Amino acid sequence: MPLDPNAVPGLLRALDSADVYVRITAAEALGKIGNPVAIARLLEILDDSRPAVRRRVIGALERIGTEPKACAAAQVVPGLERGLYDPDPVVRAAAERALQRLGISSAHAALARWRTSGL
């Protein structure tokens with residue numbers, strides 16, 4: 001069942017919830033909807049204290065970036081690149097996979113910078 005795009009404003013507000021599971025669910029739902037309007041807000045919560053939330057945000061950015069109708073691949077690269085430097089190895093791996101999946105030149109450049117950074 002597709003998610004209702006009209007839910008985006010409420011889901012964006014849910015990203016501020018004190019409940020980690022609400023934040024996770026909101027990030028996943030925003031990714032499934034695929035609306036590029038969510039990108040800026042998702043980038044803001046890449047600093048969430050919980051790795052599980054950051055992983056879901058990376059997944060949401062990947063979904064939005066690979067959604068053909070959204071034409072947002074280049075917009076999600078900065079956030080995915082930030083994920084490459086995350087302290088959590090699972091978040092880093094998810095960001096690397098997402099950038100590889102995007103397959104655009106800016107994603108390749110981000111991966112190259114990360115690989116040469118020695119981190």
Side-chain angles (χ1 to χ4, degrees):
M1 169 186 277
L3 295 174
D4 185 353
N6 294 319
V8 170
L11 291 168
L12 291 172
R13 285 189 301 278
L15 292 173
D16 293 323
S17 174
D19 186 324
V20 66
Y21 298 108
V22 171
R23 295 193 310 272
I24 286 171
T25 302
E28 289 175 341
L30 288 165
K32 288 177 184 176
I33 292 171
N35 189 328
V37 167
I39 294 171
R41 186 65 185 101
L42 288 167
L43 292 175
E44 290 174 8
I45 66 161
L46 269 174
D47 294 326
D48 195 280
S49 63
R50 303 296 285 268
V53 174
R54 296 192 308 269
R55 284 193 302 270
R56 288 348 184 277
V57 170
I58 292 292
L61 291 171
E62 177 184 3
R63 286 187 81 148
I64 294 168
T66 56
E67 171 59 47
K69 291 182 276 184
C71 299
Q75 294 174 44
V76 301
V77 169
L80 296 176
E81 184 171 8
R82 278 179 52 201
L84 293 172
Y85 301 94
D86 193 275
D88 185 274
V90 178
V91 175
R92 289 192 305 266
E96 181 180 13
R97 281 190 309 274
L99 286 164
Q100 289 170 344
R101 188 163 176 236
L102 284 180
I104 60 173
S105 61
S106 58
H108 294 301
L111 287 166
R113 283 189 296 276
W114 173 65
R115 288 182 181 126
T116 60
S117 72
L119 297 177

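Starting from 1, each residue takes its place in the sequence as its number. Owing to the predicted nature of the structure, the values given are computational and were not obtained by experimental measurement.
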Considering all heavy atoms of both residues, which atom of [X] and which atom of [Y] are nearest to each other, and what is their separation?
X	Y	result
L84	A110	CD1-O, 3.9 Å
I58	G83	CD1-CA, 3.9 Å
L30	A38	CD2-CB, 3.9 Å
A29	L11	CB-CD1, 3.7 Å
W114	Y85	CA-OH, 3.2 Å

Results of side-chain contact (heavy atoms from CB on, under 4.5 Å) for [X] - residues two or more places apart only:
X	value
A40	none
A72	P36, I39, I64, A70, Q75
A60	L42
N35	V8, I33, V37

Please identify each residue that fulfils side chain to side chain donor-acceptor pair (under 3.5 Å) with [X], with sequence neighbours left out.
X	result
D19	none
R63	none
R92	none

Summary of side-chain hydrogen bond (donor to acceptor under 3.5 Å, both in side chains) pairs that have at least one residue in residues 7-17, sequence neighbours excluded: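 Only D16-R41 qualify under side-chain hydrogen bond (donor to acceptor under 3.5 Å, both in side chains).
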Side-chain touch L61/L43, heavy atoms, less than 4.5 angstrom: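 They are in side-chain contact.
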With sequence neighbours left out, what residues match E67 under salt bridge (charged side-chain N to carboxylate O under 4.0 Å, His left out)?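 Not a single residue meets the salt bridge (charged side-chain N to carboxylate O under 4.0 Å, His left out) criterion with E67.
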Could you go through L15 and V53, starting from their C-alpha distance and side-chain angles, then the distance that decides it, and tell me whether this counts as side-chain contact (heavy atoms from CB on, under 4.5 Å)? CA-CA 9 Å; L15 292 173; V53 174; over 6 Å; no
Which donor-acceptor pairs under 3.5 Å do the side chains of residues 100-109 make with protein atoms, sequence neighbours left out?
from : atom 1 : to   : atom 2 : distance (Å)
R101 : NH1    : E62  : OE2    : 3.1
H108 : NE2    : G103 : O      : 3.4

Using salt bridge (charged side-chain N to carboxylate O under 4.0 Å, His left out), reason through D88 and R54 one step at a time and then give a plain yes or no. CA-CA 9 Å; D88 185 274; R54 296 192 308 269; 5.1 Å; no
Got a second to check how far R50's CZ is from Y21's OH, nearest 0.5 Å?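 R50 CZ to Y21 OH: 6.5 Å, rounded to 0.5 Å.
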Salt bridge check: are R82 and D47 linked by an N-O gap of less than 4.0 Å?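 Salt bridge flag = yes for D47 with R82.
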According to a hydrophobic-cluster definition based on side-chain heavy atoms being under 4.5 Å apart (Ile, Leu, Val, Met, Phe, Trp, Tyr only), do V20 and V90 belong together?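 No, V20 and V90 fall in different hydrophobic clusters.
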